[in-house]
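The chain is numbered in sequence order, starting from 1. Fair warning: this is a prediction, and the values are worked out from it, not measured in the lab.
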Amino acid sequence: MILQTIRKQQPLIHCITNYVVANFQANGLLAIGASPVMADEIDEVTEMVKIASALLLNTGTINDRTKESMLRAGEMANTLGIPIILDPVGAGATTFRKKTIQHLLTQVKFAVIRCNIGELAAIANVNWQQKGVDSGSGSICIEDEAKQVAQRYDCIVIVTGEKDFITDGKQMHWIDGGHQQMTEVTGTGCLLSAICAAAYVAQNEPYKQLVNTLLAYKKIAEHAACSTQYIGDFQIAILNELHRLSKDGEK
């Protein structure tokens with residue numbers, strides 16, 4: 001399994017992320033044997049990137065300072081050939097967010113964009129009613145728009161939801177499974193983006209590795225939901241399942 005491979009590789013994942021989910025992301029990465037670092041100070045991000053296996057940029061609580069940190073870190077990662085994952089949280093919620101994400105996409109070469117359907121719509125310039133950082137509502141053909149975004153930015157695009165979709169602009173896969181409770185706690189999508197960063201560098205077939213990551217994460221949601229009665233325990237159950245699957249595999 002991909003999670004077991006990550007545990008063997010122990011990649012260092014540099015996360016410039018949002019303060020709502022930083023702790024959950026860090027614990028999730030630790031649960032699968034990866035090493036998280038949550039450094040966003042402008043004066044140290046380029047130095048930190050130099051020792052990282054992958055870089056995650058998450059715009060959940062973006063501001064001018066962290067935007068500059070992301071741009072500097074992204075430029076250094078591109079120079080060094082370190083893969084970058086973009087999690088464009090709330091991409092269409094405000095003008096500032098949309099402009100920031102468009103600026104990042106213009107200035108930084110991303111290996112992966114992991115988003116929900118509303119964030120895909122914002123990146124693809126499709127009319128959509130975003131609800132804060134939630135996906136919102138509208139009409140969009142996920143397959144067509146995700147493939148076009150993947151081709152435009154030469155990257156893998158992952159659109160998560162009740163069903164997940166992944167494409168590199170040529171190949172495409174739908175992933176079934178999961179559980180509704182994943183939408184009822186903060187940070188499950190953000191954690192997935194961090195895990196995708198670790199999965200991308202685990203071996204030399206990143207697309208296949210990310211497909212397997214999405215499959216594993218759906219199973220984790222199902223197992224966590226079966227083992228808990230209350231929503232407050234669900235995040236803990238996710239961490240437990242990540243740890244178990246990364247050590248023991250599927251049984």
- Identify whether the distance between the nearest side-chain nitrogen and carboxylate oxygen of R65 and D40 falls below 4.0 Å. yes
- Note on the structure: Interatomic distance, OG1@T46 vs CE@M76, rounded to 0.5 Å, equals 5.0 Å
- Task: Give a yes or no on whether a salt bridge exists between E222 and K219, defined as a side-chain N under 4.0 angstrom from a carboxylate O.
- Result: no
- Test: R72 and E68 ion pair at under 4.0 Å: yes
- Message: If hydrophobic clusters are built by linking Ile, Leu, Val, Met, Phe, Trp and Tyr wherever their side-chain heavy atoms come under 4.5 Å apart, do V126 and V157 end up in the same one?
- Response: yes
- Message: Regarding Q25 and T17, do their side chains bring together a donor and an acceptor under 3.5 Å, going by distance alone?
- Response: yes
- Query: Can any side-chain N or O of T94 pair as donor or acceptor with the backbone N or O of R97 at less than 3.5 Å?
  - Reply: yes
- Query: Do the side chain of Y217 and the main chain of G189 share a donor and acceptor less than 3.5 angstrom apart?
  - Reply: no
- Query: Are V37 and Y200 in one and the same hydrophobic cluster, where Ile, Leu, Val, Met, Phe, Trp and Tyr link if side-chain heavy atoms are under 4.5 Å apart?
  - Reply: no
- Trace of the side-chain contact (heavy atoms from CB on, under 4.5 Å) decision for V149 with L120: CA-CA 8 Å; V149 170; L120 172 66; 4.0 Å; yes
- Query: Are L12 and M70 co-members of a hydrophobic cluster defined by side-chain heavy atoms under 4.5 Å apart?
  - Reply: no
- Can we say D176 and K218 salt-bridge, meaning some charged N sits less than 4.0 Å from an Asp/Glu carboxylate O? no
- Query: When rounded to the nearest 0.5 angstrom, what distance separates CG in L29 from OG in S246?
  - Reply: 11.0 Å
- Residue set satisfying ring-ring contact (aromatic ring centres under 6.0 Å, His included) with F24, at least two apart, ordered chain then number -> none
